**Student:** 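Got a structure for you, questions after.
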Amino acid sequence: MAIVEVTITPLGTGSPSISQYVANVHKVLEEAPEPVKFQLTAMSTIIEGDLKDIMAVIMRMHEVPFENGALRVSTLIRIDDRRDKQASIEQKLRSVNEKLGHEA
């Protein structure tokens with residue numbers, strides 16, 4: 001199972017605000033037929049699932065700003081693909097919180 005952080009930034013929109021673009025991109029995740037979990041953060045989106053499924057979803061997400069008038073799109077992808085044991089967003093957070101002495 002992979003955990004992927006993705007940031008999709010539309011350029012050439014004529015406005016410094018991109019929240020509507022982010023919302024439109026996020027709808028692709030909400031409607032994705034692939035079995036992925038996701039978490040929207042203030043700076044990016046984290047997606048968990050099979051890497052092939054995640055990349056298929058990201059390809060569709062990347063197209064959304066173009067479909068909504070952006071002239072250029074910059075997409076940053078960071079992949080954590082751990083194969084020695086099962087990984088999840090929750091497990092990674094729990095591991096760090098345990099080391100900090102915080103309750104789960």
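Here, residue 1 is the first one in the sequence, and each next residue gets the next number. A quick note: this is a predicted structure, and the numbers were derived from the prediction, not measured. The basis for the numbers below is simple: all heavy atoms, side chains too, and nothing from hydrogens, waters or symmetry mates.
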**Student:** Do Val25 and Val73 belong together in a cluster built from hydrophobic side chains that touch within less than 4.5 Å?
**Tutor:** yes
**Student:** Does Lys99 have any side chain to side chain donor-acceptor pair (under 3.5 Å) partners at least two apart in sequence or in another chain, and if so, which?
**Tutor:** Ser95
**Student:** Going by the rule side chain to side chain contact (heavy atoms under 4.5 Å, CB included), which residues pair with Ser17 if we only count those two or more places apart in sequence or in a different chain?
**Tutor:** Ser15, Ser19
**Student:** If you compare all heavy atoms of Thr13 against all heavy atoms of Ala70, which two are closest, and at what distance to 0.1 Å?
**Tutor:** CG2-CB, 4.3 Å
**Student:** Starting from Phe38, can I reach Ile89 by hopping between I/L/V/M/F/W/Y residues whose side chains sit under 4.5 Å apart?
**Tutor:** no
**Student:** Which residue pairs pass the ring-ring contact (aromatic ring centres under 6.0 Å, His included) test when at least one of the two sits in residues 75-94, sequence neighbours left out?
**Tutor:** none
**Student:** In chain order, what residues pass the side chain to side chain contact (heavy atoms under 4.5 Å, CB included) check against Ser88, with sequence neighbours excluded?
**Tutor:** Glu48, Glu90, Gln91
**Student:** Start with the C-alpha distance between Leu40 and Val22, add both sets of side-chain angles, then the distance that settles side-chain contact (heavy atoms from CB on, under 4.5 Å), and finish with yes or no.
**Tutor:** CA-CA 10 Å; Leu40 177 66; Val22 172; 4.3 Å; yes
**Student:** Spell out, yes or no, whether Ile54 and Val28 are grouped together once hydrophobic residues are joined by side-chain heavy atoms under 4.5 Å, including indirect joins.
**Tutor:** yes
**Student:** Within this structure, what is the CD1-NZ distance for the pair Ile47 and Lys37, rounded to the nearest 0.5 Å?
**Tutor:** 13.0 Å
**Student:** Out of curiosity, does Ile46 fall in the hydrophobic cluster containing Val36 (side-chain heavy atoms, cut-off under 4.5 Å, transitive links)?
**Tutor:** no
**Student:** According to the side-chain hydrogen bond (donor to acceptor under 3.5 Å, both in side chains) rule, which pairs have a member within residues 20-32, sequence neighbours left out?
**Tutor:** Gln20-Asn24, Asn24-Asn68
**Student:** Name every donor-acceptor pair, under 3.5 Å, that has one atom in a side chain of residues 58-67 and the other anywhere in the protein, sequence neighbours excluded.
**Tutor:**
| unit_1 | atom_1 | unit_2 | atom_2 | d |
| --- | --- | --- | --- | --- |
| Arg60 | NH1 | Glu34 | OE2 | 2.9 |
| Arg60 | NH2 | Glu34 | OE1 | 2.8 |
| Arg60 | NH2 | Glu34 | OE2 | 3.4 |
| His62 | ND1 | Thr75 | OG1 | 2.6 |

**Student:** List the residues meeting side chain to side chain contact (heavy atoms under 4.5 Å, CB included) with Asp81, not counting sequence neighbours, and say none if there are none.
**Tutor:** Ala2, Leu51, Ile79, Arg83
**Student:** The criterion is salt bridge (Lys or Arg N to Asp or Glu O under 4.0 Å); which residues satisfy it with Asp50, sequence neighbours excluded?
**Tutor:** none
**Student:** Grouping I, L, V, M, F, W and Y whenever their side-chain heavy atoms are under 4.5 Å apart, do Met55 and Ile8 come out in a common cluster?
**Tutor:** yes
**Student:** For residues 2-16, which residue pairs pass the salt bridge (charged side-chain N to carboxylate O under 4.0 Å, His left out) check, not counting sequence neighbours?
**Tutor:** Glu5-Arg78
**Student:** My understanding is that only residues two or more places apart in sequence, or in another chain, count here; which of them pass side chain to side chain contact (heavy atoms under 4.5 Å, CB included) with Arg72?
**Tutor:** Leu11
